[in-house]
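Below: the structure, in structure tokens.
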Amino acid sequence: MEASKMTKHPLIIEEWNGSSSTKLFKTATITFSPSLQIQRSVNGFNHVWRRFLDAFVPEGFPGSVTPDYVPFQVWDSLQGLSTYIRTMLSTQALLSAIGVGEKSATIIGATFQWFLRDLTGMLGGILFTLYQGSNLDSNAKMWRLVADLMNDLGMLMDLLSPLFPSAFIFIVCLGSLSRSFTGVASGATRAALTQHFALQNNAADIAAKEGSQETMATMIGMALGMLLARITTENPVAIWFSFLSLTMFHMYANYKAVRCLSLDSLNFERSSILLQHFIESGQVLSPKEVSTMEHVLPLWTTLRLSKSAKPLHTNVKLGLRVSTLDHSEMANFLTSAGSFYNEAKYLLVERKGTVSVVVHKDSTAEDILKSYIHALVVVNFTVGQKSLHLECQSWMDKHYESFVQKLKLAGWKAGRLLSHSIIWKAHWSLGEKTD
């Protein structure tokens, strides 16, 4: 009886492999009607190859990451490979300068020199975090590129150290200081980029797979670096040619990597680009379009070479310290508090050609975004040395809500990073007595 039922209604079982619904693939089909039949969908090699890839790409790839993940990782891996190859050359030079292999060198002397080198790097990392820690998220692309340039400088110092024995300590400490900036900046920006790539709350998985990719690049780079170091031993011309060639490629790969990124968070420059385009056309650019227009190097390096006007955001300071205002500026500040911005959680102060924003202590991320956009509007509407406050306020009343709505529709995450850059706030109240 049971056998006849199986004959009329065959049992079919499918075997699928994978831990994510976007990555599952069928490996076998098992049919019982009435005999048992197994049909495999993939061969053993393909299965092993897929399992190997699982160690290097996030679960659900490519649907679990942003479209710019692959090009960035390719260029980032290539620049990392060149770094590990050069590390072998610079380390060989550094050990030679310390005295490894020489009878006159002492253990305590080499240890002390290495200690000073590491101590300088640690102190440099702390100081860099103190002055730039809150700025790394909002300018991840720039600091990612600067970090690798500082790493290049650090390795260059190690390679130079044997050539100047009398200044050895100073040179290696300078190189260690440079690399300490790299460690802080690259780690912080990598965390910001990981959050950007994650589309399915899979930042931890992306970070883990990034570690696997970096480990593989490290192993390949170390092997190639040891081979190159052996070939170029006692040949300074070959060492320097190899090092400089790899450094040029490293800089190019880093530039291409950050140019691939289309970040969807608002920082100062992106806000300025978006607002200017919106005022001119009434439309909002996409993150990919803005990525081709923003600077990836520090602004001062490009403004000197450009004849165009400075971007709006260079004339805006977000988070003014109220106690730095002089008597006349304080009077204007109090007047503004009772007129233009009496219902806002911010105040705008014009001083020395700059529009500064005083942010209220109780302001939200939305308030901070509005204050910054308002300041950009004031800079944009400034005629000569005379700004038009009423016209700016009128523009804000008519267009701001539409601007923010179009930002969200275009895929922008509004206001999150701007609030991270503020370290000074103020509190004021109108028509109330304070104790």
Side-chain angles (χ1 to χ4, degrees), residues 134-143 145 192 196 258-259 261-320 346 348-359 365-383 387-389 391-393 395-396 398-422:
S134 61
N135 193 34
L136 296 175
D137 276 349
S138 58
N139 293 291
K141 295 172 69 171
M142 182 195 76
W143 283 114
L145 188 59
H196 162 70
V258 296
R259 272 300 182 195
L261 294 171
S262 300
L263 302 183
D264 55 5
S265 55
L266 290 178
N267 64 1
F268 298 137
E269 183 177 15
R270 291 176 212 132
S271 300
S272 176
I273 293 172
L274 288 165
L275 179 65
Q276 283 185 296
H277 188 268
F278 180 78
I279 291 176
E280 295 171 0
S281 66
Q283 301 298 320
V284 169
L285 297 171
S286 67
K288 187 173 183 179
E289 291 172 324
V290 173
S291 68
T292 63
M293 303 169 66
E294 63 179 324
H295 296 83
V296 294
L297 287 171
L299 200 58
W300 60 267
T301 63
T302 53
L303 286 180
R304 291 183 179 181
L305 302 176
S306 175
K307 296 181 180 180
S308 59
K310 290 184 177 181
L312 295 180
H313 71 281
T314 59
N315 294 318
V316 175
K317 176 177 175 57
L318 186 60
L320 176 65
Y346 63 90
L348 303 185
V349 179
E350 293 185 70
R351 55 189 315 228
K352 301 176 182 178
T354 300
V355 177
S356 301
V357 183
V358 180
V359 180
E366 289 75 16
D367 295 324
I368 293 172
L369 174 62
K370 185 175 182 179
S371 70
Y372 190 70
I373 296 301
H374 196 159
L376 291 175
V377 171
V378 171
V379 173
N380 184 75
F381 279 72
T382 296
V383 180
S387 60
L388 309 174
H389 281 279
E391 287 80 353
C392 295
Q393 184 63 56
W395 190 95
M396 290 291 293
K398 292 179 180 179
H399 303 290
Y400 178 74
E401 293 300 330
S402 173
F403 176 59
V404 172
Q405 187 63 30
K406 289 184 178 181
L407 284 177
K408 295 178 180 179
L409 292 175
W412 291 98
K413 298 176 182 177
R416 183 174 61 86
L417 290 182
L418 294 177
S419 58
H420 292 173
S421 304
I422 302 175

**Report entry** Val378/His374 under side chain to side chain contact (heavy atoms under 4.5 Å, CB included): CA gap, chis, key distance, verdict
**Finding:** CA-CA 6 Å; Val378 171; His374 196 159; 3.9 Å; yes

Report task. Of all the heavy-atom pairs spanning Met293 and Glu289, show the shortest one and how long it is. Result -> CG-O, 3.5 Å

Query raised in the report: Is any side-chain heavy atom of Arg270 less than 4.5 Å from a side-chain heavy atom of Pro287?
Result: no

Report task. List the atom of Thr354, the atom of Asn315, and the distance in Å for their closest heavy-atom pair. Result -> CG2-O, 3.3 Å

Query raised in the report: How far apart are the closest heavy atoms of Asp264 and Gly411, and which atoms are they?
Result: CB-O, 3.5 Å

Query raised in the report: Looking at Glu294 and Lys141, what are the two nearest heavy atoms and their distance?
Result: OE2-NZ, 3.0 Å

Requested in this report: Measure the acute angle between the ring planes of Phe278 and Phe403, then classify it against the limits of 30° and 60° as parallel, tilted or perpendicular.
Outcome: tilted

Query raised in the report: Are any non-hydrogen side-chain atoms of Val357 and Leu348 less than 4.5 angstrom apart?
Result: yes

Query raised in the report: Say you draw a straight line from NE2 of His313 to CG of Asn267; how long is it, rounded to the nearest 0.5 Å?
Result: 7.5 Å

**Report entry** Separation between OG of Ser286 and CG of Leu409, rounded to the nearest 0.5 Å
**Finding:** 13.0 Å

Query raised in the report: When you look at Leu285 and Trp412, which way does the side chain to side chain contact (heavy atoms under 4.5 Å, CB included) test go after all the steps?
Result: CA-CA 10 Å; Leu285 297 171; Trp412 291 98; 5.7 Å; no

Query raised in the report: Between CG of Leu376 and CD1 of Ile279, what distance do you get to the nearest 0.5 Å?
Result: 8.5 Å

Report task. Apply side chain to side chain contact (heavy atoms under 4.5 Å, CB included) to Met142 and His295, showing your working. Result -> CA-CA 8 Å; Met142 182 195 76; His295 296 83; over 6 Å; no

Report task. Quick one: pull up OH in Tyr346 and CG in Asp367 and give me the separation to the nearest 0.5 Å. Result -> 8.5 Å

Query raised in the report: Are Leu275 and Asn380 close enough, and set up right, to give a side chain to side chain contact (heavy atoms under 4.5 Å, CB included), and what steps lead you there?
Result: CA-CA 9 Å; Leu275 179 65; Asn380 184 75; 5.7 Å; no

Query raised in the report: Does the side chain of Ile373 reach to within under 4.5 Å of the side chain of Val404, using non-hydrogen atoms?
Result: no

Query raised in the report: Is the Tyr372-Phe268 ring centre distance short of 6.0 angstrom?
Result: yes

Requested in this report: Please round to the nearest 0.5 Å and tell me the distance separating atom OG1 of Thr292 and atom CD1 of Ile273.
Outcome: 8.5 Å

Report task. Count the heavy atoms belonging to other residues, nucleotides or ligands that lie under 6.0 Å from NZ of Lys406, then report whether that count exceeds 12. Result -> yes

